[in-house]
Number of protein chains: 2
Amino acid sequence: MELYQERGFDQTTTAEIAARAGVNERTFFRHFPDKREVLFDGEADLRAALMHEVAEAPEGLAPLDVLLHAFRKAGRILEENRPFSEPRLAVIAVTPALRERDLAKAASLTEAVAEALRRRGVEDRLAGLAAQTGWAAFHHAAQAWIDTPSQNLDAHLLHAFDDLHTLAAASNR
Amino acid sequence: MELYQERGFDQTTTAEIAARAGVNERTFFRHFPDKREVLFDGEADLRAALMHEVAEAPEGLAPLDVLLHAFRKAGRILEENRPFSEPRLAVIAVTPALRERDLAKAASLTEAVAEALRRRGVEDRLAGLAAQTGWAAFHHAAQAWIDTPSQNLDAHLLHAFDDLHTLAAASNR
DNA sequence: TAAGTAGCGTCAGTGACTGACGTCAAGTAG
DNA sequence: CTACTTGACGTCAGTCACTGACGCTACTTA
């Protein structure tokens, strides 16, 4: 992170990272599959939290409500890690290669969420679409939270899901 | 495409591609910014078509209905190019590096669609969310179209947007 | 006819990643 | 305590994507 902030991601070589960490370059690649992955280490935690919250959501909730519930719960991880999340997102935002990886991670998480919905008995087709739609709202809320930190993530999430209803209600078919 | 299908993307070197095309390796990189981009050449066409259809959709339509309209129109590009789209998608599907790029392109197109919605007067916040939601439905329909070619893309699109309403209507808040 | 200029080949690099091999310290079994 | 395994690391050599610099050639355009 230090180096990525100092020189930017592209101007940082893996040799420099290894040197700063006091190890050999080869060792770096034994810990991370590639240079980008360094910034996506917490993904497993978020994934586990999301899957857990989807599974444990109250019975009888509609798919989107399950997701809102899960995102609100899991969102706490983001809020608590804000001091780390902030510079991390800043670096990702200005580096196309990292944005690509970020999108890939998001897609993977979305698929995991869809699978969790299916395990709750949500119909196959609907689960995938619900996960993607819900993720869009979540992503939207997270972005708004970064841009407008005066409100907490929870409020942004409620707002985004309300917007979802507004959009669907206004549509004719 | 020939080489990517024969050996797979990762096992194909840029030198081989250049040789097969009868040019120098350096020349390859003058035509494409990188090895992946070869498979994403038609993107500009799709983007132009989408933006055009969003702009030209009938007045008074709700955001999601504008998108359904635009996707139905632009979807014809995909249907007409199916002989090329099919192997292309197959290669992308089995190559993580290409999936990443694909997601990045999708995100970029989504942003373009959102911008087109804003130009129609859709409110800023709503435009972004509508674009992402609509894209989720579009993506879903395209996937279903690949998996179940017996129905045409149009039918899949209508179905996906119907599912969107089902999801929203079943949700309580 | 002279002066671009656009497309290409050649060459020499840089940097991300990989495989093979050697080393060394911390167990673990006997 | 000794032999043996095991896991984390260093070293070295190599591949491959990609880049900058330079020079050639054909084709415009003044």
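Convention: sequence-line order gives letters A, B, ...; per-chain numbering from 1. Any value given below was found using the heavy atoms of this structure, including those in side chains, with hydrogens, waters and symmetry copies removed.
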- Task: Return yes if the base of D:dG20 and the side-chain atoms of B:R26 contain a donor-acceptor N/O pair under 3.5 Å, otherwise no.
- Result: yes
- First of A:E25 and A:R30 reached from the 5' end of DNA chain C, by closest nucleotide: A:E25
- Message: If I take atom CZ in residue A:F29 and atom P in nucleotide D:dC16, what distance separates them, rounded to the nearest angstrom?
- Response: 17 Å
- Task: Measure from CG on B:D10 to P on D:dT15 and round the result to the nearest Å.
- Result: 18 Å
- If the plane angle is over 60° it's perpendicular, under 30° parallel, otherwise tilted; pick one for A:W135 and A:F71. perpendicular
- Query: How long is the line joining CG of A:D34 and C1' of D:dT15, in whole Å?
  - Reply: 17 Å
- Query: Above 12 or not: heavy atoms from other molecules or residues under 6.0 Å from CD of B:Q11?
  - Reply: yes
- Below 4.0 angstrom, N of the basic side chain to O of the carboxylate: do A:E111 and A:R118 qualify? yes
- Select one nucleotide: of C:dG9, C:dG15, D:dA17, the one nearest the side-chain heavy atoms of B:N24. C:dG9
- Task: Examine B:R88 relative to B:F40 and say whether NZ or CZ is less than 6.0 Å from the centre of the six-membered ring and inside a 45° cone about the ring axis.
- Result: yes
- Toward the 5' end of DNA chain C, by each residue's nearest nucleotide, B:V23 or A:T14: B:V23
- Message: Does D:dA8 have its OP1 or OP2 closer than 4.0 Å to a side-chain nitrogen or oxygen of A:H31?
- Response: no
- Message: Just N and O in the side chain of A:T13: are any of them under 4.0 Å from OP1 or OP2 of C:dG15?
- Response: no
